[in-house]
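Since the structure comes first, as structure tokens, the remarks are kept for the end.
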Amino acid sequence: MDFDYSEEQRLLADTLKRFLADHYTFDARAKIIASAAGYSEDIWAAFAEMGLLGLPFAPEHGGFGGSAVDVMIVMEAIGEGLVVEPYLATVGLGAQFVARGGTEAQKQRILPAVAQGKAKLALAQTEWGARYHLHAINTRARQTADGWVLDGEKSAVLHGGCADVLVVSARTAGSDTDPHGISLFLVGQGTPGVSMREYRTIDNLRVADIQFSGAVIPREALLGPKDEGLPLLEEVVDYGTALLCAEAVGAIRYANDATLAYLKTRRQFGVPIGSFQALQHRMVDMFIDYEQARSMACLACVKVDTAEATERRRVVSAAKIKIAEACRHVSQEAVQLHGGMGMTEELKISHTFRRLTVIAQAFGDVDHHLERFAAAG
Amino acid sequence: MDLNYSPEEEAFRDEVRVWLRDNLPADLRDKVINYQELGKEDLLRWHRILAKKGWIAPDWPVEWGGTDWTVVQRYIFEEECGAAGCPPLVAFGLRMVAPVLLRFGTPEQKQRFLPRIYHGEDFWCQGYSEPGAGSDLASLQTRAVRDGDYYVVSGQKIWTTMAHYADWIFCLVRTDPNRPKRQQGISFLLIDMRSPGITVQPIILMDGSHEVNSVFFDEVRVPLENRVHEENDGWTVAKYLLGYERMGTGRVGVSKRELARLKDLAACTLKDGKPLLDDPRFRDRLTRVEVELMALEITNLRYLDQLRGGKAPGAEVSLLKLKGTEIQQAISELMMQVAGPRAPVFRPIDPDADFDAFTASLAPRYLNLRKTTIYAGSNEIQRNIIAKATLGL
């Protein structure tokens with residue numbers, strides 16, 4: 001058993017940390033968020049140059065053959081820096097479908113472009129009323145002589161608005177909640193019949209509601225086996241969830257560091273407020289949450305690469321439960337211990353609070369994962 | 001022991017309920033129950049409707065416009081207003097500076113200010129906290145130097161709710177920095193917000209809202225007659241206000257309304273084809289909050305009953321603020337859970353796009369309500385108060 005980072009992993013962590021410290025200050029981030037796109041193409045290009053975008057993909061597709069733990073390191077830095085660029089959507093979700101389930105032609109068409117920073121992807125999966133169940137799909141794909149016609153709506157697609165290619169789950173057979181009959185499709189930006197409404201989220205990311213009205217896509221748009229797309233969907237969403245856990249760890253680390261610094265410097269009643277035992281104990285509880293979250297994120301990121309489906313489900317759900325509770329507890333305590341300052345837009349701590357709040361519910365809230373864990377035996 | 005309301009109290013409740021139903025404007029109610037922002041004119045409109053009825057200041061003496069209701073009637077009134085979705089009353093004039101004037105003001109000060117507060121002609125805000133004086137309010141530094149018939153005030157107040165609407169501000173200032181204890185040397189001043197030297201700067205909160213401000217005083221001249229009570233004994237006034245305030249802070253009526261709304265939302269939201277309200281895990285969480293609210297309500301009534309007996313409330317009433325705010329937060333958190341995957345959606349990029357503004361308000365509301373355990377004496381301070389004053393620790 002070995003929890004250490006390899007030399008290359010340490011180097012990756014240090015390089016990225018230094019890059020973000022120089023180019024992703026809180027002020028720089030504020031400008032990016034305020035921009036029309038809501039993310040920075042310069043930062044994206046820098047990520048490409050650092051090899052981050054190709055990190056988990058095979059060398060023959062322009063990647064570096066990185067493991068989930070390698071990507072975990074990137075995600076922690078993203079969490080700590082509150083990076084808003086579509087890394088998870090592209091590298092952790094969208095492109096993962098191509099890498100795991102695509103034909104060689106699909107891989108060659110998409111993965112090198114992703115690695116070079118020339119293509120962004122997003123997973124268009126969730127629908128209204130489905131909450132977190134992956135098999136609750138109403139969007140339909142009707143087969144034609146030349147391809148498929150898509151009809152339906154996807155809700156709050158993470159970074160859907162800037163995606164060059166969407167990975168869309170749609171039903172090719174079966175009723176609304178049938179686990180069989182789900183297929184996956186690659187839909188290029190600009191496909192007629194696809195319209196979007198973009199939103200800003202409370203944590204300063206972008207999501208899109210996407211409507212498909214008779215959208216015609218070619219035969220080759222199908223990704224993976226027809227009707228049996230659910231296993232790949234689950235596999236990739238679990239992978240993305242494990243990465244999200246890692247992002248949370250980075251954000252929790254920042255929240256704890258900032259709160260600890262505040263407790264040591266803020267003086268009231270003639271002393272640093274960190275001298276009050278009641279607050280010390282609460283800070284310790286936040287530290288404990290961080291340590292446990294970090295452990296579970298490591299476990300989840302190792303297991304998504306190595307475990308078979310049932311164990312993978314169990315571990316990812318357990319990690320998400322633990323991390324969701326850590327997100328909630330740490331974020332709430334961080335704001336409370338900062339007093340009024342913690343409420344303000346001006347301070348990074350409130351932005352961290354918001355990101356942790358969203359992560360806690362993303363890809364399934366605690367209740368969803370409690371059920372999934374129990375069902376996984 | 002009799003925990004029933006008397007027939008007279010029930011009749012009063014009916015009277016209030018009917019009047020509110022007939023006089024609360026539908027557009028204001030809609031804004032309140034749908035978590036839309038209420039502007040200055042919205043708040044004043046409701047204030048003036050209540051003032052016209054004579055119900056705007058139930059706890060004032062009758063000769064100044066009070067209603068001569070019992071403490072239970074006042075509680076019933078507040079609960080019914082909460083249940084009906086009335087806009088909140090701005091406490092700073094009606095329930096802060098007014099009680100202070102009634103207790104410590106000169107006849108001239110009462111005559112000058114009380115009617116204008118009553119009729120909603122002066123909008124007040126509170127200048128207490130400073131960047132260096134939050135929980136430790138007594139360490140405040142805003143300076144007031146005597147110059148002939150004036151005080152010259154310089155300093156900064158922070159977290160000043162609705163200073164950007166206000167005509168007047170009441171401030172704790174330091175008139176003598178050389179006293180042995182910090183609580184000494186503080187005075188209570190009434191300051192016209194139009195005075196030269198006052199600058200109001202918005203502080204935006206994490207939900208995007210503008211409620212609070214910094215207020216900068218740059219050699220602001222305040223007439224001596226605007227001081228309430230003795231110079232350097234302002235802390236007595238502050239303590240009086242803190243004690244006076246603690247009873248009204250459970251917000252039981254509002255939380256009951258919110259809980260009912262939460263149930264409605266959960267009933268309309270499907271999980272696995274069934275209402276989320278019927279999901280045992282969700283139902284459990286909701287039930288626990290409902291039980292907490294029930295306990296809070298009865299405790300609130302029990303403490304009120306002590307007042308009726310003539311006994312002053314002890315420091316334990318701090319628990320009303322403590323539990324009341326935790327319940328508010330818990331309800332908002334459950335609403336965010338109901339929103340589920342839609343919770344993060346905040347605003348459309350295209351400002352003209354129409355969108356489900358209500359669902360998009362649920363997470364921001366959760367964000368906004370984190371302030372409740374921080375303001376009006378943080379929940380940590382409320383625990384300190386109980387520890388010290390009630391438990392003698």
In terms of heavy-atom proximity below 4.5 Å to chain B, should [X] be classed as side chain, backbone, both, or neither?
X	value
A/A278	neither
A/V335	both
A/Q361	side chain
A/R200	both

Taking every non-hydrogen atom, the tightest pair across B/L367 and A/F353:
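So the minimum-distance heavy-atom pair works out to CD2-CE2, 3.3 Å.
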So which heavy atom on B/V338 is nearest to which on A/R131, and how close?
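Smallest interatomic distance, heavy atoms only, reads O-NH1, 2.8 Å.
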Under 4.5 Å from any heavy atom of chain A, what part of [X] do you find: side chain, backbone, both or neither?
X	value
B/S129	neither
B/E333	side chain
B/A360	neither
B/R370	both
B/Y375	neither
B/D207	neither

Taking only heavy atoms into account, what residues of residues 350-358 of chain B are found under 4.5 Å from chain A?
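B/A353, B/D354, B/F355, listed by number.
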Looking at B/I349, B/V345, B/D279, which one has more heavy-atom pairs under 4.5 Å with chain A than the rest?
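Looking at each option in turn, the highest pair count goes to B/I349.
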Specify which of [options] makes the most heavy-atom pairs with chain B at under 4.5 Å.
options	answer
A/H368, A/M341, A/E198	A/E198
A/M343, A/E346, A/H351	A/M343
A/T177, A/T357, A/I273	A/T357
A/G342, A/G129, A/G340	A/G340

If the threshold is 4.0 Å, N to carboxylate O, is there a salt bridge linking B/R342 and A/D209?
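So B/R342 pairs with A/D209 through a salt bridge.
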Using atom types as modelled and distance alone, determine if a side-chain donor or acceptor of A/Q268 lies under 3.5 Å from a backbone N or O of B/S135.
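Confirmed, A/Q268 side chain pairs with B/S135 backbone.
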Please evaluate residues B/N379 and A/Q336 with respect to the criterion side chain to side chain donor-acceptor pair (under 3.5 Å), reporting the C-alpha separation (whole Å), side-chain torsions for both, the decisive distance (0.1 Å), and the verdict.
CA-CA 9 Å; B/N379 283 16; A/Q336 183 72 14; 5.7 Å; no
Option from B/R285, B/K271, B/R283 for which salt bridge (charged side-chain N to carboxylate O under 4.0 Å, His left out) with A/D367 holds:
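When salt bridge (charged side-chain N to carboxylate O under 4.0 Å, His left out) is applied between A/D367 and each of B/R285, B/K271, B/R283, only B/R285 qualifies.
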With sequence neighbours excluded, tell me which residues meet side chain to side chain donor-acceptor pair (under 3.5 Å) with A/D203.
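Side chain to side chain donor-acceptor pair (under 3.5 Å) list for A/D203, sorted by chain: A/T201, A/R355.
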